*Asks:* 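Please see the structure below; I have some questions.
Here is the naming used below: chain letters follow the sequence lines, and residue numbers restart at 1 for every chain. Please read all numbers here as calculations on a predicted model, not as lab measurements.
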There are 2 protein chains.
Amino acid sequence: MEMDRVELRQLRYVVAVAETRNFTRAARQCFVAQSALSHQIGSLERELGVKLFARTSRRVELTPAGEAFLVGARQSLEAADRAVSDAAAAVGEVRGRLAVGIIPTVTAVDIAAVLQRFRERHPHVRVGLHVGASDVMAAEVAAGDLDVAFLGLAAGNPPQGVEARELGRGPLVAVVSGRRGAARRRRVSHARARGPRRGRPPSARGLALRRLSRRFGRPGAE
Amino acid sequence: MEMDRVELRQLRYVVAVAETRNFTRAARQCFVAQSALSHQIGSLERELGVKLFARTSRRVELTPAGEAFLVGARQSLEAADRAVSDAAAAVGEVRGRLAVGIIPTVTAVDIAAVLQRFRERHPHVRVGLHVGASDVMAAEVAAGDLDVAFLGLAAGNPPQGVEARELGRGPLVAVVSGRRGAARRRRVSHARARGPRRGRPPSARGLALRRLSRRFGRPGAE
DNA sequence: TTGGATTACGCGTGTCGTAACGATC
DNA sequence: GATCGTTACGACACGCGTAATCCAA
């Protein structure tokens with residue numbers, strides 16, 4: 001058939017319109033202006049010689065042809081997605097999402113540099129940074145809302161239901177959920193003795209974070 | 001996953017390279033310069049952060065990641081192809097029989113290639129090819145024995161009872177029955193000026209046939 | 001030296017966004 | 001009049017081709 005000019009961009013737009021039944025919302029969902037989306041849809045329809053949507057200026061409906069097209073369009077997008085996932089998996093790339101908690105102290109500035117390097121190494125891990133109180137975040141880690149948190153606790157007071165490692169002489173402690181099986185399999189080589197009170201970036205903590213990512217960053221961990 | 005920048009164009013190129021194991025031949029197969037293909041492949045690899053091909057400057061091999069990617073890439077292209085086919089089918093796939101007449105001149109070799117492409121596009125149309133003299137076939141078209149004929153006539157002598165379009169400066173003329181209502185609804189954008197005497201394949205004539213098929217190939221036309 | 005992939009660079013097309021327009025409720 | 005899709009138009013980016021470069025046999 002003559003699909004040489006069809007591109008995934010158009011399929012994405014078609015699916016978005018089919019889902020929202022509304023060009024404007026579909027455009028927002030695709031992060032484009034809706035004129036761009038309208039143009040692409042129209043271009044595709046002209047290319048196919050077939051109307052995919054019936055616009056009645058208050059409601060957008062799929063035509064029978066649009067319904068038929070939608071099936072293959074979704075499959076095509078899913079297959080493309082599988083392709084990139086499988087390629088990444090073949091080389092064992094780190095993917096997924098990582099929710100990190102930190103306390104609002106001077107250590108936060110170090111985290112910024114660490115995260116930058118982390119993102120360079122693992123560009124496909126979506127990192128979410130959450131700032132809060134130590135005890136609250138310890139609970140969030142236990143609940144699974146956070147994957148890992150850097151926080152300060154009293155020395156003789158290890159948090160419950162989570163796994164903790166002391167990273168330095170200072171009060172800084174990494175806390176991860178104790179329910180995570182992977183967390184128990186390997187040990188975290190904790191940071192060398194260098195307290196956060198020093199102004200220098202404690203790169204060892206970056207190392208710890210990088211190691212942590214090996215476990216929590218995988219697709220299954222999310 | 002992160003496939004928002006991946007496009008079918010890149011998948012087509014990847015498949016072509018995987019098939020030919022050679023960038024140059026793949027580029028020819030895709031009707032582009034191999035620099036363009038190289039650029040797209042490289043761009044995709046950079047986007048994925050994964051090498052899909054191992055170039056050893058005399059042989060191009062798929063990496064394991066490339067093999068993994070190829071599977072989904074092929075499926076994606078096939079699904080997209082299905083999408084456009086199904087959309088076309090939903091609005092009335094081209095079916096029926098088409099009786100084509102041609103004159104036994106050099107134009108016949110072009111017809112062969114055109115018909116091959118036509119059959120790929122419309123596998124459910126039974127095409128019958130009939131060779132004969134121009135005046136005889138013009139009469140057959142008028143009688144409905146032929147659906148369309150490519151033939152040569154004197155310039156000032158339009159055939160009676162049929163609709164004719166001049167396809168080029170040369171004597172080649174398409175003749176269809178004047179009784180066909182569909183033939184009057186739209187105009188044929190006739191071929192650009194390139195006489196059949198040139199040895200080059202006049203692709204414009206293929207275009208004309210493809211356009212004709214839109215009308216006569218429909219179920220109602222048979 | 002030849003075959004073949006990458007890189008550099010100018011150019012055309014395509015895609016996007018802003019904005020004006022049109023249509024419908 | 002409000003909402004939503006289309007059309008117009010200018011700007012920017014992207015993909016492409018020509019050609020120079022590099023690399024291996």
*Asks:* Just how far is it from atom CG of A:Leu44 to atom NZ of A:Lys51, taken to the nearest 0.5 Å?
*Replies:* 11.0 Å

*Asks:* Write down the distance between CD (B:Glu7) and C1' (D:dC14), rounded to a whole number of angstrom.
*Replies:* 11 Å

*Asks:* Between C1' on C:dA5 and CZ on B:Arg28, what's the gap in Å once rounded to a whole number?
*Replies:* 14 Å

*Asks:* Starting from P on D:dA13, measure out to NE2 on B:His39 and report it in whole angstrom.
*Replies:* 15 Å

*Asks:* Using whole Å, what does the distance between atom C1' of nucleotide D:dC16 and atom CZ of B:Phe23 come to?
*Replies:* 16 Å

*Asks:* Nearest-nucleotide wise, let me know which of B:Leu37 and B:Arg58 is further upstream toward the 5' end of DNA chain D.
*Replies:* B:Leu37

*Asks:* In whole Å, I'd like the distance from the CG atom of B:Leu44 to the C1' atom of D:dG15.
*Replies:* 14 Å

*Asks:* Have a look at A:Glu47 and tell me which of A:Gln10, A:Arg5, A:Met3 forms a side-chain contact (heavy atoms from CB on, under 4.5 Å) with it.
*Replies:* A:Arg5

*Asks:* Looking at B:Ala88 and A:Val50, what are the two nearest heavy atoms and their distance?
*Replies:* CA-CG2, 4.5 Å

*Asks:* Is A:Ser43 close enough to C:dG14 that one of its side-chain N or O atoms is under 4.0 Å from OP1 or OP2 there?
*Replies:* no

*Asks:* Could you give the distance from CG (B:Asn22) to CZ (B:Arg28), rounded to the nearest 0.5 Å?
*Replies:* 7.5 Å

*Asks:* At less than 4.0 Å, is any side-chain N or O atom of B:Gln34 found next to OP1 or OP2 of D:dG17? Yes or no.
*Replies:* no

*Asks:* Expressed as a whole number of angstroms, how long is the span from A:Arg21:CZ to D:dT3:C1'?
*Replies:* 19 Å

*Asks:* Check for a donor-acceptor pair, side chain of B:Glu67 on one end and backbone N or O of B:Leu62 on the other, with a separation under 3.5 Å.
*Replies:* no

*Asks:* Ignoring backbone atoms, test whether A:Arg55 places a side-chain nitrogen or oxygen under 4.0 Å from the OP1 or OP2 oxygen of D:dC4.
*Replies:* no

*Asks:* Given C:dG4, D:dG5, D:dC16, identify the nucleotide with an atom nearest to the side chain of A:Val60.
*Replies:* D:dG5

*Asks:* Between A:Arg5 and A:Phe31, which is nearer to the 5' end of DNA chain C once each is assigned its nearest nucleotide?
*Replies:* A:Arg5

*Asks:* Below the 4.0 Å mark, does C:dC16 have OP1 or OP2 next to a side-chain nitrogen or oxygen of A:Tyr13?
*Replies:* yes

*Asks:* Let me know the distance between CZ of B:Arg59 and C1' of C:dA5, rounded to the nearest Å.
*Replies:* 15 Å

*Asks:* Using only side-chain N and O atoms of B:Gln40, determine if any of them is under 4.0 Å from OP1 or OP2 of D:dC16.
*Replies:* yes

*Asks:* Regarding A:Arg82 and B:Gln75, is there a side-chain donor-to-acceptor distance under 3.5 Å anywhere?
*Replies:* yes

*Asks:* Side-chain N or O of A:Asn22 less than 4.0 angstrom from OP1 or OP2 on D:dG5?
*Replies:* yes

*Asks:* Where the side chain of A:Thr24 is defined as all heavy atoms beyond and including C-beta, which of C:dG4, D:dG17, D:dC4 is the nearest nucleotide?
*Replies:* D:dC4

*Asks:* At less than 4.0 Å, is any side-chain N or O atom of B:Arg9 found next to OP1 or OP2 of D:dC16? Yes or no.
*Replies:* yes

*Asks:* Look at the side chain of B:Ser38 against the base of C:dT7 and say whether a donor-acceptor pair falls under 3.5 Å; ignore hydrogens and angles.
*Replies:* no

*Asks:* Can you find an N or O donor on one side and an acceptor on the other, under 3.5 Å apart, linking the side chain of A:Ser35 with the base of C:dT18?
*Replies:* yes

*Asks:* Using atom CG of B:Asp4 as one end and atom P of C:dC16 as the other, report the distance to the nearest whole Å.
*Replies:* 12 Å

